[in-house]
Amino acid sequence: MSLPSQIPEGYRPLDSKTLPRYLGDIASVREVLGGQPDNWSVAEVGDGNLNLVFVVEGPSGAVCVKQALPYLRLVGDSWPLPLSRNFIESEALIVQGRHAPGLVPKVHHVEPTLALLVMELLRPHIIMRKGMIAATTYPRFAEHISTFMARTLFFTSDLAMTAGAKKERIATFCINHELCKITEDLIFTNPYYLAENNRWTSPQLDDAAAAIRADGDLKIAVSDLKVRFMSDTQALIHGDLHTGSIMVTDSDTRVIDPEFAFFGPMGFDTGALLANLLINYFSQDGHATTVSPRESYQAWVLETADTVWNRFHDKFVGLWSEHHSGDAYPDVLFTDADLVARVRRRYMRKLFGDTLSFAGAKMIRRILGLAHNIDLEHIEDPDRRAVCERRCLHLARDLLVNTATFRSIEDVTAAARAVRESVG
Ligand code: SR1
Ligand code: MG
């Protein structure tokens, strides 16, 4: 599919009146919805930072329509954004759907001129973050998300792809550099100086925010990480893999919203997920009440973090031993089983360290930067919220600066428990 540049002629944001007429001309969508466009109901349900999202229902079924706006919804038209992110999302969903079938929504239709994507409506799924705030456990989640991460990252890396094929895919996703720049600024730069859009729970966290802005070791660690993010094309990453980008039921898990996708370091995805589990863990103390104590839920969250990493590790290594068809670590050099085991251990140790470092950066940005998480934001009492946030910041700094002291995921979750006991 060819991609239009800037705002294509013919682009217009659709609404509940114009959308059914547009969808009525697409056979695959008509087939899902049934009946006539005049009878379809449309609701705009977008509550994210960037796009319009519609649910369209007909007599036989329903679809989800996502349309990019040429500016950041969170801030307004003073912050322009490329429409091409919608094309990136559709390309990423197609690749992820191929490597991790059943773990992303099905794509029905892609329309680059309108920056619009028609997808399977996920029902009765809810955004995982919302379920976690309500202390709902998801028994299949660790199994599903570890499969998603292992398969999408492995099969788009040099372990599975030839150098030429991978570079061609890198070229497709390179156009997403403006969304990468958002990440580079919001995650790796802005929380570490007084950037215009930063915010935090004030005055409670003024001292912690100032300490982070004055922390030289932290600035070096996060800036090294930014270089990795900008220059390491390790695999096709989702690019925004937090619990708001995951929809769940008791038995099903789907990863949505890969509009930040590009070829970057794998640890950015595995770290995003870990960060968001840890943020939720710390936030539960702000949601606990006598009728809804959260200790057992917190135990589930940390257990999930352990299981996700351990299963991801084992699945990734399993894929490597079964499907190694890329140009990295050529078989002609690795004929000895001990050497193969050694190089895999080394690779996975590095990926684990990256995961922790990126997790630390992601936790800090959600507390001191522009875009926060409702896990913490929905804690109404600012004093209670600040206690949870201070604990997050404490662990996050340790993950970023003292990464090598964590030898296993169990070390990380033990440190989370210890921080919760000791920082207040
Ligand atoms: C300016 S967009 C803010 C954030 O929303 C998305 O979910 C990404 O995390 C981005 O950094
Ligand atoms: Mg998003």
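When a ligand or atom number is given, it counts from 1 through the structure's own listing order. Remember, it's a predicted structure, so these values are computed and weren't measured experimentally.
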Indicate the ring-plane relationship of Phe188 and Phe268, choosing parallel, tilted or perpendicular according to the 30° and 60° boundaries.
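Correct class here is tilted.
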Aromatic rings Phe352 and Trp309: how do their planes relate, parallel, tilted or perpendicular, breaks at 30° and 60°?
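Ring orientation, 0 to 90° scale: tilted.
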Could you check, using the six-membered ring where one of them is a Trp, whether Phe229 and Phe262 have ring centers closer than 6.0 angstrom?
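Aromatic pair counts; centres sit under 6.0 Å.
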For [X], take its heavy atoms, then give the atoms of ligand 1 lying under 4.0 Å from any of them.
X: Leu186; result: 1 (C), 3 (C), 11 (O)
X: Phe260; result: 6 (C), 8 (C), 10 (C)
X: Leu72; result: 1 (C), 2 (S)
X: His242; result: 7 (O)

Compare all side-chain heavy atoms of Leu277 with those of Met132 and state whether any distance is below 4.5 angstrom.
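Yes, at least one pair of side-chain atoms sits under 4.5 Å.
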At a non-hydrogen distance cut-off of under 4.0 Å, which region of Ile187 contacts ligand 1 (side chain, backbone, both, or neither)?
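Neither; nothing of Ile187 gets under 4.0 Å from ligand 1.
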If we set the cut-off at 4.0 Å for heavy atoms, which region of Glu259 has an atom near ligand 1: side chain, backbone, both, or neither?
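Contact part for Glu259 vs ligand 1: neither.
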Any idea which protein heavy atom is nearest atom 3 (C) of ligand 1, and the distance to it?
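For atom 3 (C) of ligand 1, the nearest protein heavy atom comes out as Asn49 ND2, 3.6 Å.
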Which residue and heavy atom of the protein sit nearest atom 11 (O) of ligand 1, plus the separation
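Of the protein heavy atoms, Arg365 NH2, 2.6 Å lies nearest.
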Residue of the set Val317, Thr307, Leu273, Leu351 for which side-chain contact (heavy atoms from CB on, under 4.5 Å) holds with Phe312
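The single option meeting the side-chain contact (heavy atoms from CB on, under 4.5 Å) with Phe312 is Leu351.
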So is His372 close enough to ligand 1, meaning a heavy atom under 4.0 angstrom away?
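Not so, His372 does not reach ligand 1.
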Say whether Leu50 and ligand 1 are in contact under the criterion: heavy-atom distance to a ligand atom below 4.0 Å.
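Contact present.
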Test salt bridge (charged side-chain N to carboxylate O under 4.0 Å, His left out) applied to Arg384 and Asp285, step by step:
CA-CA 8 Å; Arg384 263 183 104 180; Asp285 289 310; over 6 Å; no
From Thr243, Asn373, Thr304, Asp375, residue fulfilling side chain to side chain donor-acceptor pair (under 3.5 Å) relative to Asn280
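Running side chain to side chain donor-acceptor pair (under 3.5 Å) over Thr243, Asn373, Thr304, Asp375 with Asn280 returns exactly one hit, Asp375.
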Please check whether Asp240 reaches ligand 1 - meaning an N/O of the residue sits under 3.5 Å from an N/O of the ligand, judged on distance alone.
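So ligand 1 has an N or O lying under 3.5 Å from an N or O of Asp240.
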Output yes if Asp257 passes the N/O/S-under-2.8 Å test against the Mg ion (ligand 2); output no otherwise.
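Looking at Asp257, which is the residue asked about, there is an N, O or S atom under 2.8 Å from the Mg ion (ligand 2).
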I would like to know whether Arg123 and Glu57 meet salt bridge (charged side-chain N to carboxylate O under 4.0 Å, His left out); could you show each step before the answer?
CA-CA 12 Å; Arg123 261 200 309 214; Glu57 304 207 47; 3.0 Å; yes
